Amino acid sequence: MAESAFDRLQARLADVMDLRGAEFLLKWDQSTYMPPGGASARARQRALLSQIAHERLVDPEVGRLLEQAEREVADAPPDGFEAASVRIARRDFEREAAVPPAFTRAFQEHTAATYQAWTEARPADDVARVLPLLERSLDMSRTLAEFQGGAEHVADPLIARSDFGFTVAMLRPLFARLRETLVPLARRVRACEPPRDDFVRRSYPLEEQFAFAAARVAEFGYDMRRGRLDPTHHPFAIEFSIDDVRITTRGRHDYLVEALACTFHESGHGMYHQGLDPRLEATLLADGTSAGVHESQSRMWENRIGRSRAFWSYAFGPLRSAFPDQLADVDAEAFYRAMNVVRPGVIRTRADELTYDLHVIVRFELELELLEGTLAVADLSEAWHARSEEVVGVRADTDRDGVLQDVHWFSGPIGGAFQGYTLGNVLAAQFWDAAVGEHPEIPAEVARGRFETLTGWTRSRIHRHGRAVDPLALIHQVAGGPLDPGPYERYLREKYEDLYPSDG
Ligand SMILES: [Zn+2]
């Protein structure tokens with residue numbers, strides 16, 4: 001029997017995935033062990049691999065094979081591997097082929113220059129230096145969105161790149177509602193006396209922090225035989241194949257919380273990829289279905305587990321064994337409370353669980369206003385400060401801790417980069433309720449340091465599908481209904497009412 005068009009298509013797409021895997025390996029090395037001198041050659045090598053992967057994907061032969069493969073799988077079950085593979089291949093092919101190669105090159109060059117300028121402007125607190133570049137980024141982001149065509153809102157195609165199926169029309173009411181519920185809750189909690197947490201700022205050798213965190217994520221189910229943990233500056237998870245999924249972390253010797261939160265977070269991303277059905281290896285389906293669903297997995301381990309009373313009732317023992325002197329005068333309950341201290345802060349990545357989304361709301365609102373043209377780039381710095389004060393309740397003294405704090409707008413298009421963080425929090429709560437509804441024993445297991453039921457549930461309901469199930473369909477399948485901020489709001493209200501009682 002002659003090889004089917006489907007098989008020939010898959011073989012070509014496997015090359016695309018392998019090229020991406022190789023580029024990811026260069027990126028991982030660059031962010032962990034590469035000496036600084038390697039930067040310029042590495043940038044060139046990564047750009048070349050990305051370009052070849054892109055060219056392989058948009059090759060006219062892929063377009064022809066796609067048409068034939070679509071006919072071949074027309075009668076296949078729509079949720080099956082073949083139909084999903086062809087559907088996602090069509091989606092990726094159209095999205096990338098819609099952008100002229102000259103624009104892709106110009107945008108890559110512009111982005112590289114903007115990123116470089118940002119790395120210098122941020123420490124110098126020199127926002128004026130990057131504003132003209134940001135102006136061009138905004139123009140190019142609008143152009144990029146227009147290439148996709150037919151969108152209701154200019155940000156929709158940019159959002160769809162990471163959170164397929166979500167639109168401004170769906171997200172704006174979600175963010176407006178969270179603003180209404182979370183701003184007053186955070187304000188009330190901040191007015192309370194915070195619990196004692198001086199002990200997390202004692203001296204904790206980093207090697208031992210990382211060893212403790214690595215032992216915990218191995219218990220969660222992150223497979224060290226198919227992964228590893230290394231220190232970096234900006235933690236991330238990255239995959240070269242389903243059986244080689246690396247995570248990275250960072251920490252401070254005088255602040256115990258950071259390495260724990262970062263490692264638990266990245267293990268959630270890593271377990272998602274390790275949990276993909278092995279059949280998806282080297283196919284376009286071998287990835288998380290969306291940024292928001294990915295983030296639901298990382299935030300679940302970071303917060304729902306890693307900042308929970310149940311988890312620390314178990315994990316505080318091993319933690320005190322690792323740091324007997326530093327934690328001699330502390331118990332599990334005090335440590336749990338210290339992990340959940342709420343303090344006003346201007347930096348998103350250092351925010352506590354309760355105020356994290358307030359930082360995301362600021363960015364989501366501002367980027368929509370930029371794209372809509374109601375906010376000028378020239379006014380962005382002041383708008384950032386004013387909006388932070390209004391929503392987060394704090395105002396940074398500098399642009400370094402204001403508009404320059406996040407890399408996103410300086411390393412890609414403006415639009416679509418932030419909603420996934422909050423979607424992740426909202427979905428983590430919906431998925432948790434579904435998991436515990438089906439397995440009420442999960443919280444008691446967590447308190448005994450047993451995570452198999454939870455990990456197995458996330459693997460079978462979420463991870464194994466990869467991109468074969470679209471995010472909106474997956475949410476329905478897993479949570480039994482549409483996206484709903486209710487469970488997340490309820491969780492935060494109950495948790496912080498317990499930690500910071502209204503009448504306390
Ligand atoms: Zn994440």
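We're numbering straight along the sequence, starting at 1. Counting convention: from 1, in listed order, for ligands and their atoms alike. Computed from a predicted model, the values in this text were never measured in an experiment.
Here the side chain of E219 pairs no donor or acceptor atom with the backbone of F451 at under 3.5 angstrom. A donor-acceptor pair under 3.5 Å is formed between the side chain of Q274 and the backbone N or O of R226.
In terms of the salt bridge (charged side-chain N to carboxylate O under 4.0 Å, His left out) criterion, R161 has no residue partners (sequence neighbours excluded).
Protein N/O/S atoms found under 2.8 Å from the Zn ion (ligand 1), listed by chain and residue number: H265 NE2, H269 NE2, E295 OE1.
With hydrogens and angles left out, the side-chain atoms of H463 and Q297 include a donor and acceptor closer than 3.5 Å. A donor-acceptor contact under 3.5 angstrom links the side chains of T355 and D352, judged on distance only.
You'll find the side chain of Y421 stays beyond 4.5 Å of the side chain of F364, heavy atoms only.
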